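Take a look at the structure below.
Note that the structure is predicted; figures quoted are calculated from it, not measured. Below, chains carry the letters A, B, ... as their sequence lines are ordered, and counting in each starts from 1.
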2 protein chains.
Amino acid sequence: MSVGIRHDDLRRRNRAMVISAVRRAGQPSRTEIAATTGLSHSTISAISADLIQEGILTESKASEPTALKRGRPQIGLALNPEAAAVLTVVLSLNFLSVAVIDYAGQVIAEEQRRLDTLVMPRDELIGECLAIVRRRLQDPDLDVSSVARIAMGIQGITDSHSRAMLWSPITPLTDIPFADILEREFDIPATMENDCNMMAVALRWRDPERYRDNFIAILLSHGIGMGLVLKGELFTGTHSSGGEFGHMIHRPGGALCRCGRRGCVEAYAGNYAIWRSAMGISEDAAPIDIGDADMRALAAKAREKDGPERVAYRRAGEALGFGLGSLFALIDPAPVAMVGVSAAAFDLIEPALREAIAQTAGGQHTNSISFDTEPNELPLIREGCAMRALSFVDQEIFAPGVQARSGATGKNVA
Amino acid sequence: MSVGIRHDDLRRRNRAMVISAVRRAGQPSRTEIAATTGLSHSTISAISADLIQEGILTESKASEPTALKRGRPQIGLALNPEAAAVLTVVLSLNFLSVAVIDYAGQVIAEEQRRLDTLVMPRDELIGECLAIVRRRLQDPDLDVSSVARIAMGIQGITDSHSRAMLWSPITPLTDIPFADILEREFDIPATMENDCNMMAVALRWRDPERYRDNFIAILLSHGIGMGLVLKGELFTGTHSSGGEFGHMIHRPGGALCRCGRRGCVEAYAGNYAIWRSAMGISEDAAPIDIGDADMRALAAKAREKDGPERVAYRRAGEALGFGLGSLFALIDPAPVAMVGVSAAAFDLIEPALREAIAQTAGGQHTNSISFDTEPNELPLIREGCAMRALSFVDQEIFAPGVQARSGATGKNVA
DNA sequence: GGCTTTTTTTCGAGCCTCAAAAAAATAGTG
DNA sequence: CACTATTTTTTTGAGGCTCGAAAAAAAGCC
């Protein structure tokens, strides 16, 4: 059951509040922080003095093109880029990329690699991941001891504790505890995140106006994935990363899905499903991976003239629409971001999608539902991983204060 | 955004913690409370002394059949039944019931009434509700000023702030702000709760072993409703009570649902849908309300011999199974409680339901999913409303302490 | 240069929680 | 029955935290 609040939790939480206010606002003054947190000026003053003294925040007098106002000018507080660093690892189909990011969120190094994820044996796949991380950590420009967190993102299902990949379309392998493997190898705390969840996290940081408390990020690519933010919190399943929108049932006993079952939304709206339908291939045919270029060509052809290609996109829209309708029955309508290569073909998908939604419980609000598109998912996933890792450092390492910290990050403290 | 913790929030939260520990555990000693909350003995001692002095808790030396132990015997703490009272109002098809419940959770008065909800005009329906509440409040045995909260439960969709009924199958009327109406009339804070959500709340109190952090309560009656608890919290939509499981789409463009749309789960599994199918009535026929007795007779006939009745239940099971499968794709499998008159026919539903689930994302865990049945939903709804109202009193009225309280409940304080 | 305005820091008061010690209440023991 | 052991509860003093008020700092304005 939930536990009482100790006296020292108070400081910890309010420190966390100040740090997150600075991360959100960029360069807020102490007065602004006091306003957003509702704490008194004296408290903010005391906490920020501590945080500056510990090297977590810095005063940024310099960069101000202050509107000339009367009174003592505000002193902006900023995250100290050198306070820590985090590392992101994104593993997707045939592609592995790593980035090192400073505490202020700037990329300071990166590396990418192509590999045949579909056929690599377990040891080799893990080995490649470890090797690329090791190379980045051995970079002489990087102070290894400042790396406080690794966040790895992968397309597929992860467990709800962000420790392991349970299943992924990019490899036949299952149940790889990447977080534990990375932690053991490098002695740096790590997590294993679901790609679509990270897309959602990134969208929230990119555009907090539009994506604030409730929204849906849907990946339209080889497969169909979803990241869901409800009431300001990332939604996950009880055991897994959850939100397997692509495997809600569209037509019981219908088209063959990559997951081996029948009638999933993905079996009508995934790249392979659109391709299969456009090419007149049977719905029972085994799914195959279609390259992004092929999908773009298909979309171009569909735009050109009415024909099986256009019908294929229409069917995809229908499946997505009924799926969203069912989802909206559960959570109520919310803004949607369509991400991935087929999001670039959303013009072909949208009409049928809206028509389908109109026939469902979400129908009454069909016009108020807005869709945004973003064709490139990889940058979003990396951004999401970075923000996730940085938030962890904010909340779990810097908020408790110096005394509670392990040696790994101690050196950044004054 | 989230707000900092003030110094006085601390006491408030820890008071709430102690009160909820007592409500959960029955008659815990101070030592037990210290153990479950993680707070020190001195803190618990100070807080419980306050709460006793304020008349919220009582020491219950008496009722102890203490296992003879050495040492100073523990003194059980209990909720003082006279500290407050709450009132529950449950409005369902043709039926209105009210109960007065003391602070310890015991029913101290109740009243029920049949009415023709389907044909009553707006003023009359509201008037009946107000009248029955007024009669209970005028009971000379009841100290009106001790009534701290009214919780009203209704079958149908409510808004996410628990203020209004938005839509209900028991009346053609829509958007009735019952919570505001009750508050204005009686000057007692009120909420308007969704029936299935209250079922879930009640199940959690009744059997915390089985229904703890993640479970699903499904109402199988005239319509199909759902109450969902995820990560220990009641799940609601972003605007409405949400969780409209019955209106997820089972077959796009399929059978006519009571909501006017086509292919909803309810259009295959609601009482009217089972009846329609068993009687060979068209799927396009307008839904009609079937009495409980008729449904029981139908189930008996289905058990007797194979025939259209049995097929009807099988089809209901299939719809529920695919719906649950889609739900499990989103939230992962969880224990399910089937409630309502058709839960008594769950033996007829279960085989097809399990078969359907096996074809979905939840399929891999099909055997670990367990179903419980409870044919009578009304007591559950009332219990849920009661616990909801009492928890509100615990958290919002008694936790902040005397000074923050309004006059309404002041008289119970020593 | 003095005055006004705004931001930030300092200081004392008031709470809260905690650990340790004291007090209370009972069972066992000779 | 007095005394000891054991367990629970209360008391007490210390240390921390936040807050409001006042002071200090840092600019523009006249």
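- Distance alone, capped at 3.5 Å, places no donor-acceptor pair between the B:Asp207 side chain and the B:Tyr211 backbone.
- Contact annotation: the side chain of B:Arg12 approaches that of B:Asp9 to within less than 4.5 Å [non-hydrogen atoms, C-beta and beyond].
- The residue among A:His7 and A:Ser48 whose nearest nucleotide of DNA chain C is located toward the 5' end is A:Ser48.
- A:Leu142 is listed as a side-chain neighbour of A:Val100, based on a closest heavy-atom distance under 4.5 Å.
- Here the side chains of A:Arg11 and A:Asp50 are in contact, with some heavy-atom distance below 4.5 Å.
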Checklist entry - For A:Ile33 and A:Val22, what are the C-alpha separation, side-chain angles and deciding distance, and is it a side chain to side chain contact (heavy atoms under 4.5 Å, CB included)? => result CA-CA 8 Å; A:Ile33 298 174; A:Val22 175; 3.9 Å; yes
Set out, line by line, the N/O atom pairs under 3.5 Å between protein and nucleotides 20-24 of chain D.
from, atom 1, to, atom 2, distance (Å)
D:dG20, N7, A:Ser42, OG, 3.3
D:dG20, O6, A:Ser42, OG, 3.0

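- The residue among B:Leu39 and A:Ser29 whose nearest nucleotide of DNA chain C lies closer to the 5′ end is A:Ser29.
- You'll find that the side chain of A:Leu10 is closest to D:dT18, out of C:dT8, D:dT18, C:dT17.
- At a threshold of 4.0 angstrom between heavy atoms, the contacts of A:Asp8 with the nucleic acid are absent.
- Across all strands, A:Thr31 comes closer than 4.0 Å only to sugar-phosphate atoms, never to a base (heavy-atom distances).
- Nearest nucleotide to the side chain of A:Gln74, out of C:dT8, D:dT18, C:dT17: C:dT8.
- Distance CZ (A:Arg15) to C1' (D:dT18): 16 Å, rounded to an integer number of Å.
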Next on the checklist: Using the rule given for side chain to side chain contact (heavy atoms under 4.5 Å, CB included), can you reason through B:Ile108 versus B:Ile101, listing the C-alpha separation, both sets of side-chain angles and the distance that settles it, and then say yes or no?
Outcome noted: CA-CA 5 Å; B:Ile108 50 183; B:Ile101 288 143; 5.9 Å; no
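- An OP1 or OP2 oxygen of D:dG16 is reached within less than 4.0 angstrom by no side-chain nitrogen or oxygen of A:Arg11.
- In this structure, B:Ile47 places its CD1 atom 15 Å from C1' of D:dT10, rounding to the nearest Å.
- The CD1 atom of A:Ile52 sits 10 Å away from the P atom of C:dT8 (whole-angstrom rounding).
- The side chain of A:Asn14 contributes no N or O atom lying less than 4.0 Å from OP1 or OP2 of D:dC17.
- Atom P of nucleotide C:dT6 and atom CD1 of A:Ile33 are separated by 20 Å, given to the nearest angstrom.
- Counting to the nearest Å, the P atom of D:dT9 and the CG atom of B:Leu77 are 8 Å from each other.
- The CG atom of B:Asp50 sits 11 Å away from the P atom of D:dT10 (whole-angstrom rounding).
- The nucleotide whose nearest atom lies closest to any side-chain atom of A:Thr43 is, among D:dC19, D:dT9, D:dT10, D:dC19.
- The distance between atom NE2 of A:His41 and atom P of C:dT6, rounded to the nearest whole Å, is 13 Å.
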Item to check | Test log, rule side chain to side chain contact (heavy atoms under 4.5 Å, CB included), inputs B:Arg30 and B:His41 | outcome: CA-CA 7 Å; B:Arg30 293 168 174 82; B:His41 286 191; over 6 Å; no
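- For A:Arg30, whose side chain is taken as the heavy atoms from C-beta onward, the closest listed nucleotide among D:dT9, C:dT9, C:dT4 is C:dT9.
- For B:Thr37 (side chain) and B:Leu39 (main-chain N/O), a donor-acceptor pair under 3.5 Å exists by modelled atom type.
- When rounded to the nearest whole Å, the span between CZ of B:Arg6 and P of C:dC16 equals 15 Å.
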